[in-house]
Amino acid sequence: VITIAEASQLASGSSLCMNTALSLTASANEYVTYAWYEGTDISGTSIHEGATYVPSTAFAGTYTYTVQATDSCGNTSTVSYTYTVYSLPEVTITIQTTDIVTLIVNVATTGNYQYQWCEKESETSYSPITNATSNTYTPDITTVGTSTYAVIVTDENGCKDTADVSVNSYNVTLTSAGNLDGMNPILSGAGVYAQNTSVTLIASILEGHSFTWNVTPSILSYTSGVNAAGDQTITFVMPASDVTIQANYDATEYTLEISH
């Protein structure tokens, strides 16, 4: 009697996911040589000699391998093993940037998928994010630097694929300067922002003062204006660097003319 065992202990006719390790080992009493064949036809040239054969699982499909055992007297026995390899979901991540960063999962084929977003700590280490199990995720951008996020997508066959993406964030500083005459303008909007998101800063108007923005880096493209409340605003897309904005106030000088 000849039998085939495989590493995952799956019976013939079972299935596994692409790139899963698979090792087939033939075992037969009193047989001394083993020859492996692709399919059930053993009339041609064998693809492997030896008790153990490691087939590829790199491609989806159904595969059959047959092993023929031969004893010292030339007697033979054969047995076949069939399994199905399921494809993995093909996953990518799109970064959507408007006022905030939203990460969106893209799967190449339609199906029923489960999602788990993680913080990627190393090439092989992932820390699951609590309650982040939809096809989109909005990270909380609070720290300057690069944060890498990964999503693990599982299909109905239990096969998984992982994609990751890095989000770069930088600091925006807002200060006031000039001839303030002891007045304290209200400034808002400074903080940490992800690259390519829209940033709007606000500086309150001081009565009797003219106003200008001083922007670093000087090459930053921006638009300025006045909002509905009458405050000064400046809006720009966050570059790949820190940004420093200065709200400059200058007291308006008046000339008093006295006529006789």
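Predicted, not measured: the structure shown is a model, and the values here were computed from it.
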Which heavy atom of [X] sits nearest a heavy atom of [Y], and at what distance?
X    : Y    : result
A51  : W36  : O-CZ2, 3.4 Å
N112 : E156 : O-OE1, 3.2 Å
F236 : S221 : CB-O, 3.5 Å
N179 : D250 : N-OD1, 4.1 Å
G39  : T66  : O-OG1, 2.6 Å
S166 : T146 : CB-CG2, 3.8 Å

Take V165 and I95, measure what side-chain contact (heavy atoms from CB on, under 4.5 Å) needs, and give me the verdict at the end. CA-CA 8 Å; V165 67; I95 302 178; 3.2 Å; yes

Between Y86 and M18, does the side-chain contact (heavy atoms from CB on, under 4.5 Å) criterion hold? Intermediate values first, please. CA-CA 6 Å; Y86 290 129; M18 282 175 55; over 6 Å; no

Could you check whether any side-chain heavy atom of [X] comes within less than 4.5 Å of a side-chain heavy atom of [Y], counting everything from C-beta outward?
X    : Y    : value
P55  : L24  : yes
P239 : L220 : yes
V243 : I245 : yes
L103 : P139 : yes
N157 : S15  : no
V215 : I234 : yes
T64  : T40  : yes
V105 : V91  : yes

Under 3.5 Å, is there a donor-acceptor pair between the [X] and [Y] side chains?
X    : Y    : result
T233 : N227 : no
Y137 : T133 : no
S43  : D41  : yes
T25  : T52  : yes

Value rounded to 0.5 Å, distance of [atom1] in [X] from [atom2] in [Y]:
X    : Y    : atom1 : atom2 : result
T45  : E38  : OG1   : CD    : 12.5 Å
Y113 : Y115 : OH    : OH    : 7.5 Å
Q116 : N131 : CD    : CG    : 9.0 Å
N248 : H209 : CG    : NE2   : 11.5 Å
T148 : Y126 : OG1   : OH    : 10.0 Å
N168 : S147 : CG    : OG    : 8.5 Å

In this structure, are over 12 heavy atoms from other groups packed under 6.0 Å from K160 atom NZ? no

Does a sphere of radius 6.0 Å around CD in E121 hold more than 12 heavy atoms from other residues, nucleotides or ligands, not counting ones at 6.0 Å or beyond? yes

Between [X] (side chain) and [Y] (backbone), is there a donor-acceptor pair under 3.5 Å?
X    : Y    : answer
T216 : S218 : no
S204 : I186 : yes
S169 : T143 : yes
Q68  : V79  : no
T197 : A194 : yes
T57  : T20  : yes
D242 : Y170 : no
D181 : M183 : no
S87  : A60  : no
N214 : Q246 : no

Apply side-chain contact (heavy atoms from CB on, under 4.5 Å) to residues I93 and W117 and explain how you reach the verdict. CA-CA 11 Å; I93 300 174; W117 290 93; 3.9 Å; yes

Indicate if [X] and [Y] have the same hydrophobic cluster label, given that clusters are the connected sets of ILVMFWY residues with side-chain heavy-atom separations under 4.5 angstrom.
X    : Y    : value
Y81  : I42  : no
V226 : Y222 : no
W213 : V199 : yes
L180 : I205 : no
Y149 : V153 : yes

What class does the angle between the rings of H48 and Y53 fall in, given that below 30° is parallel, 30 to 60° is tilted and above 60° is perpendicular? tilted

With under 30° as parallel and over 60° as perpendicular, where do the rings of Y65 and Y63 fit, or are they tilted in between? parallel

Start with the C-alpha gap between I202 and L187, add the side-chain angles, then the distance that decides, and say whether side-chain contact (heavy atoms from CB on, under 4.5 Å) holds. CA-CA 6 Å; I202 300 174; L187 309 176; over 6 Å; no

All pairs passing disulfide bond (SG atoms under 2.5 Å apart) where residues 16-101 contributes a residue, at least two apart: C17-C159

Under the rule for disulfide (SG to SG under 2.5 Å), what residues qualify as partners of C118, not counting sequence neighbours? none

